[in-house]
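Atoms within a ligand are numbered from 1 in the order they appear, just like the ligands themselves. Predicted, not measured: the structure shown is a model, and the values here were computed from it.
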Amino acid sequence: MDKKNQISVWYFVGTFVILLLLQDLFDARHTETLAYSDFKQVLRAGQLESVELRDGMATGAIKMEGLEAILPREKLEKLAKSSGEHRFVTVLVDDPGLVAEMDQAKVRYTAVAQNKWLSAILSWIAPAAVFFLIWMFLMKRMGGAAHGGLLEIGKSKAKVYMQTETGVSFKDVAGIDEAKEELMEVVDFLKTPDRYKRLGGKIPKGVLIVGAPGTGKTLLAKAVAGEAGVPFMSLSGSEFVEMFVGVGAARVRDLFDQAAKQAPCIVFIDELDALGKSRGLNVMGGGHDEREQTLNQLLVEMDGFDTNTGVIILAATNRPEILDPALLRPGRFDRQIALDRPDLKGRLQILQVHTKKVTLSPKVDLESVAARTPGFAGADLGNLVNEATLRAAKRGKKSVEMVDFEDALDRIVAGLEKKNRVMNPKEKQFVAVHEAGHALVAEHRENVDRVAKVSIIPRGVAALGYTQQQPTEDRYLLRRTEILDRIDVLLAGRVAEELVFRDVSTGAENDLQRATEMARHMVTHYGMSEKLGLATYDAQPMPMFLGGPVMPEQRNCSERTAEMIDTEVAELLAQSKERVRDTLTRNREDLDALARLLLEEEVVDRPMLDRLLRRSDEAQAAPSSAQPAEVES
Ligand code: ADP
Ligand code: ZN
């Protein structure tokens with residue numbers, strides 16, 4: 001019997017004993033209840049043996065012989081069955097003559113002094129104790145001691161799921177090595193906090209894991225707890241918000257109290273965006289006081305606790321852009337880890353992890369499965385393996401074969417296409433050419449950051465691919481030529497599509513927006529236009545007034561100037577387009593080669609790019625601490 005069962009047995013025994021005591025109090029075990037009138041008749045007939053008077057009741061023994069005339073039949077039978085002395089109990093009526101009558105009948109009678117204290121205990125406290133024990137028992141059943149249970153926190157109804165052991169380790173998380181590496185530090189700290197404390201090192205309080213659904217955010221957080229061997233407490237942001245006012249905040253407080261008791265531990269907040277939506281965003285639409293209070297409480301708690309206690313908060317979101325900036329400030333979620341959908345290699349590794357416990361036919365080629373699943377997130381791949389296994393099982397096969405994978409793949413791809421999560425081959429070609437255009441023009445412009453990585457793996461909601469540029473230094477000023485070069489890079493995706501396909505796609509929307517914004521700023525803010533001179537024109541949209549809809553732009557210039565601004569912006573963009581077209585036409589071979597490489601590999605990193613462009617000689621530029629800038633889609 002394990003410890004938990006032992007405890008429940010004790011609860012039962014305790015409850016039972018108390019019930020017995022209660023029964024004893026009323027002597028209900030061996031006695032038969034008599035109506036007072038019957039009792040008087042028995043008394044008058046001289047059949048009473050003895051009587052004890054106590055607290056409004058009389059108990060006693062009856063002589064059975066000759067009672068037939070007085071008591072009904074079934075009473076007699078019951079009395080006969082009661083213990084040896086044929087005991088009875090009756091409730092006394094206000095009857096001043098009773099004592100005289102008993103004297104007359106020569107009954108031996110005694111009055112028992114009531115132990116008020118004891119009876120109070122038994123009659124009041126015992127039932128309460130019974131309920132308490134039952135309640136405790138249920139609570140124990142619901143979690144706490146058990147692992148993986150539901151922990152009901154005190155006064156509030158916070159559903160915090162606690163696992164003392166997650167049973168997940170970094171081995172179970174495949175294809176996201178960079179993220180694992182970053183979290184290694186957190187694991188280290190939880191394992192040997194003293195080493196960090198001694199050095200006065202600062203450990204992050206909160207780490208935000210950003211990634212599309214199913215990319216393994218929860219899995220990664222669990223793995224951190226598993227690696228460090230600490231408890232894992234998790235809750236979902238959306239659960240916090242559907243509460244009565246004030247409860248959410250109380251839950252947050254309780255959560256942190258609990259965490260402090262469990263320390264060292266990991267607290268994982270899923271769907272942080274539900275809780276931490278920018279506070280401005282909702283006010284016009286009636287507001288959401290509750291969410292705001294909850295968020296404020298979270299901020300207060302995060303500021304209040306000390307990492308040295310060993311509590312580290314991991315949070316997950318797939319929409320970091322809507323988070324309240326206050327959450328991202330130093331001392332809160334000041335670290336972000338991005339989980340992308342896995343590339344070819346990553347997908348293969350994830351498939352290997354998920355097929356570890358599956359009997360695969362030797363003919364199954366996981367590499368080709370990986371190659372056919374671009375855009376799949378980890379969860380989709382897990383799902384794929386599962387479907388294939390189920391299919392094989394349904395057919396009574398001994399191992400999972402390639403046909404099973406193919407079948408499952410068809411089914412899942414259809415589902416994902418509906419959800420816009422995988423691209424068809426034609427789309428992929430467009431994205432490849434588009435990204436190749438960005439990357440190539442970035443390579444041919446002096447004043448932009450070096451390309452670190454080009455990818456055609458869909459990322460987030462809008463971006464279908466991205467080109468990541470690594471800044472070589474921190475920047476405070478931008479020269480005119482630099483801005484122009486940046487605009488060139490932004491337009492390059494669209495121009496490349498036009499060149500290669502003689503057709504264009506919607507994928508450039510974000511690029512065009514940003515290019516236009518830059519050009520407009522040059523004209524209206526930086527005095528970089530010959531025609532408009534040095535005057536600035538404040539055409540800033542009103543700041544999102546308390547999160548309301550964006551107000552129409554307020555112009556502080558004449559109609560004619562406004563027209564000139566528009567023409568200038570259009571002119572800047574048109575010139576840029578010509579420059580880009582020129583660059584790409586002259587390097588058409590490189591463009592095609594890079595697009596082809598992207599289609600094959602999905603992700604092209606710096607060394608691959610250097611090899612392709614045969615310029616590996618100048619490959620090493622000092623990496624910088626600045627955040628990589630990205631040109632998306
Ligand atoms: P998220 O929290 O990002 O929505 P989850 O962590 O819940 O995603 O992932 C769901 C499931 O997908 C996991 O339980 C795991 O089986 C699988 N999975 C996701 N990413 C990976 C990965 N990188 N390696 C292995 N399995 C993964
Ligand atoms: Zn683009």
- For atom 4 (O) of ligand 1, which protein heavy atom lies nearest, and how many Å away is it? G214 N, 2.9 Å

- Task: Output the list of atoms in ligand 1 that are nearer than 4.0 Å to some heavy atom of V173, sorted by atom number.
- Result: 23 (N), 24 (N)

- Message: Can you tell whether the side chains of K453 and E601 come within less than 4.0 Å, N to carboxylate O?
- Response: no

- Heavy-atom neighbours of K345 NZ exceed 12 at 6.0 Å: no

- Query: For ligand 1, does H354 get within less than 4.0 Å through its side chain, its backbone, both, or neither, judged by non-hydrogen atoms?
  - Reply: side chain

- Message: Can you report which non-hydrogen protein atom sits closest to atom 12 (O) of ligand 1, along with the distance?
- Response: A379 CA, 3.1 Å

- Note on the structure: atom 2 (O) of ligand 1: closest protein heavy atom, distance to 0.1 Å, is T218 OG1, 2.5 Å

- Which of these passes side chain to side chain contact (heavy atoms under 4.5 Å, CB included) with M402: V364, L366, D407? V364

- Would you indicate which of A212, G216, P342 comes nearest to atom 20 (N) of ligand 1 when only heavy atoms are counted? G216

- Item | Presence of salt bridge, R395 and E401, under 4.0 angstrom | no

- Message: Less than 3.5 Å apart, any donor N or O on the side chain of Q513 or E517 sitting next to an acceptor on the other?
- Response: no

- Message: Within the 4.0 Å heavy-atom shell around A174, which atoms of ligand 1 are there?
- Response: 22 (C), 23 (N), 24 (N), 25 (C)

- Item | Identified salt bridge (charged side-chain N to carboxylate O under 4.0 Å, His left out) partner of D404 from the options K397, K394, K363, R411 | K397

- Under 30°, 30 to 60°, or over 60°: which ring-plane class applies to Y526 and H521, parallel, tilted or perpendicular? tilted

- Message: Counting only heavy atoms closer than 4.0 Å, does ligand 1 sit against the backbone of L219, its side chain, both, or neither?
- Response: both

- Query: At what distance is the nearest protein heavy atom to atom 18 (N) of ligand 1, and which residue and atom is it?
  - Reply: G378 C, 3.6 Å

- Message: Please classify the D172 to ligand 1 contact at 4.0 Å (heavy-atom distances, strictly less than): side chain, backbone, both or neither.
- Response: backbone

